[in-house]
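Note that the coordinates shown come from a computational prediction; the quantities given were computed from them, not determined experimentally. Along the sequence shown, the residues carry numbers beginning at 1.
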Amino acid sequence: QVKLVESGGGLVQAGGSLRLSCAASGRMFSSAAMGWFRQAPGKEREFVAAISWSGGSTRYANSVEGRLTISRDNAKNTVYLQMNSLKPEDTAVYYCAASLKGIATFQMGADNYWGQGTQVTVSS
């Protein structure tokens, strides 16, 4: 099993930066694909970024490519999302997630472990 706790959300002006962290507990962390989804008010939850268990493979949504960077530190059981050049449309609750079935399955979002979410608000 994997338990996930997000931190680092907050309020930032457009063009600013935030760094989200996700601390994971459980023996399977180092074997899990990890990443982030987000859900804006009135919209469905959407994929943001993913990283393979080794950190050797990453994937991003087109809307965040080049602005957001995902990384992980398996020694600390932590995944990070560095968010730069933030836009008002990035405003959402950001959820950390994990999958023991690989990065492709993770991206589909159907069989993931989920954190409680952290709010990111970008003002214009």
Side-chain angles (χ1 to χ4, degrees):
Q1 299 295 319
V2 178
K3 182 179 179 181
L4 308 170
V5 179
E6 303 96 334
S7 62
L11 174 64
V12 64
Q13 289 187 333
S17 298
L18 281 175
R19 189 194 197 199
L20 304 184
S21 299
C22 174
S25 61
R27 296 183 300 170
M28 303 303 292
F29 172 82
S30 60
S31 301
M34 302 286 297
W36 300 85
F37 286 71
R38 69 186 181 186
Q39 187 168 18
K43 295 187 177 181
E44 295 186 352
R45 186 156 53 186
E46 64 175 359
F47 168 75
V48 176
I51 188 166
S52 63
W53 67 271
S54 67
S57 179
T58 58
R59 298 186 182 185
Y60 296 94
N62 290 338
S63 59
V64 306
E65 185 85 50
R67 300 187 297 116
L68 275 57
T69 303
I70 190 170
S71 61
R72 68 189 294 164
D73 184 341
N74 285 349
K76 296 182 178 180
N77 280 12
T78 302
V79 173
Y80 305 97
L81 186 66
Q82 178 65 45
M83 304 190 293
N84 299 327
S85 302
L86 284 164
K87 304 175 181 180
E89 51 263 42
D90 294 316
T91 295
V93 177
Y94 283 70
Y95 295 90
C96 179
S99 174
L100 299 175
K101 298 183 178 180
I103 195 170
T105 300
F106 171 90
Q107 193 168 348
M108 292 187 290
D111 198 20
N112 292 344
Y113 295 95
W114 298 96
Q116 292 300 307
T118 186
Q119 177 70 46
V120 171
T121 303
V122 184
S123 63
S124 58

**Q** Do any N or O atoms from the side chain of S52 and from the backbone of S57 form a donor-acceptor pair under 3.5 angstrom?
**A**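 Answer holds: yes.
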**Q** Could you check whether N84 and S17, counting side-chain N and O atoms only, form a donor-acceptor pair closer than 3.5 Å?
**A**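 Yes, side-chain donor-acceptor contact under 3.5 Å.
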**Q** For A50 and I103, which heavy atoms make the closest approach, and how far apart are they?
**A**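 Closest pair (atom of A50, atom of I103, distance): CB-CG1, 3.8 Å.
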**Q** Restricting to non-hydrogen atoms, name the atom on L100 and the atom on A32 that form the minimum distance, rounded to 0.1 Å.
**A**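 Of all heavy-atom pairs spanning L100 and A32, the closest is CD2-CB, 3.7 Å.
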**Q** Identify the two heavy atoms, one from F106 and one from A49, that lie closest to each other, and give their separation to 0.1 Å.
**A**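 It is CE2-O, 3.8 Å.
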**Q** Same cluster for M34 and F47 if Ile/Leu/Val/Met/Phe/Trp/Tyr side chains link at under 4.5 Å?
**A**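 Cluster IDs for M34 and F47 differ.
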**Q** I need the M83 CE to R19 CZ distance, nearest 0.5 Å.
**A**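 Going from CE on M83 over to CZ on R19, the span is 11.5 Å.
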**Q** To the nearest 0.5 Å, tell me how far L4 CG sits from N112 CG.
**A**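 CG of N112 is found 9.5 Å from CG of L4.
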**Q** If two hydrophobic side chains count as joined below 4.5 Å and joins carry through other members, does Y95 share a cluster with F29?
**A**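 The answer is no; the residues belong to distinct hydrophobic clusters.
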**Q** So, is the end of the R72 side chain (NZ or CZ) under 6.0 Å from the ring centre of Y80 and within 45° of the ring's axis?
**A**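 Cation-pi check for R72 and Y80: fails.
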**Q** Can you name the nearest heavy-atom pair linking G102 to A33, along with the distance?
**A**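 It is C-CB, 3.7 Å.
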**Q** From E46 CD over to R38 CZ, what is the distance, rounded to the nearest 0.5 angstrom?
**A**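 It comes to 4.5 Å.
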**Q** Rounded to the nearest 0.5 Å, how far apart are OG of S123 and CD of Q13?
**A**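 It comes to 5.0 Å.
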**Q** Check the hydrophobic clustering (I, L, V, M, F, W, Y; side-chain heavy atoms under 4.5 Å; chains of links allowed) and say if V48 and V122 are grouped together.
**A**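 As far as the 4.5 Å side-chain criterion goes, V122 and V48 are connected within one cluster.
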**Q** Side-chain heavy atoms under 4.5 angstrom apart, residues restricted to Ile, Leu, Val, Met, Phe, Trp, Tyr: same cluster for L81 and V93?
**A**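 No; V93 is not reachable from L81 via cluster members.
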**Q** If only atom types and distance count, is the side chain of S63 paired as donor or acceptor with the main-chain N or O of A61 below 3.5 Å?
**A**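 Not confirmed, S63 side chain does not pair with A61 backbone.
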**Q** For the ring pair (Phe, Tyr, Trp, His ring centres under 6.0 Å) test, which of Y94, W114, Y113 pairs with F37?
**A**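 Running ring pair (Phe, Tyr, Trp, His ring centres under 6.0 Å) over Y94, W114, Y113 with F37 returns exactly one hit, W114.
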**Q** To the nearest 0.5 Å, tell me how far W36 CH2 sits from C22 SG.
**A**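 Reported value, rounded in 0.5 Å steps: 5.0 Å.
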**Q** Identify the two heavy atoms, one from A40 and one from T91, that lie closest to each other, and give their separation to 0.1 Å.
**A**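 What the structure gives for the nearest pair is CB-O, 3.6 Å.
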**Q** Apply side chain to side chain contact (heavy atoms under 4.5 Å, CB included) to Y60 and T69, showing your working.
**A** CA-CA 8 Å; Y60 296 94; T69 303; 3.9 Å; yes
**Q** Enter the distance from L20:CG to L18:CG here, rounded to the nearest 0.5 Å.
**A**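 Here the interatomic distance stands at 6.5 Å.
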**Q** Evaluate the side-chain proximity of V120 to D90: yes if any heavy-atom separation is below 4.5 Å, no if none is.
**A**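 Counting from C-beta outward, D90 and V120 never come under 4.5 Å.
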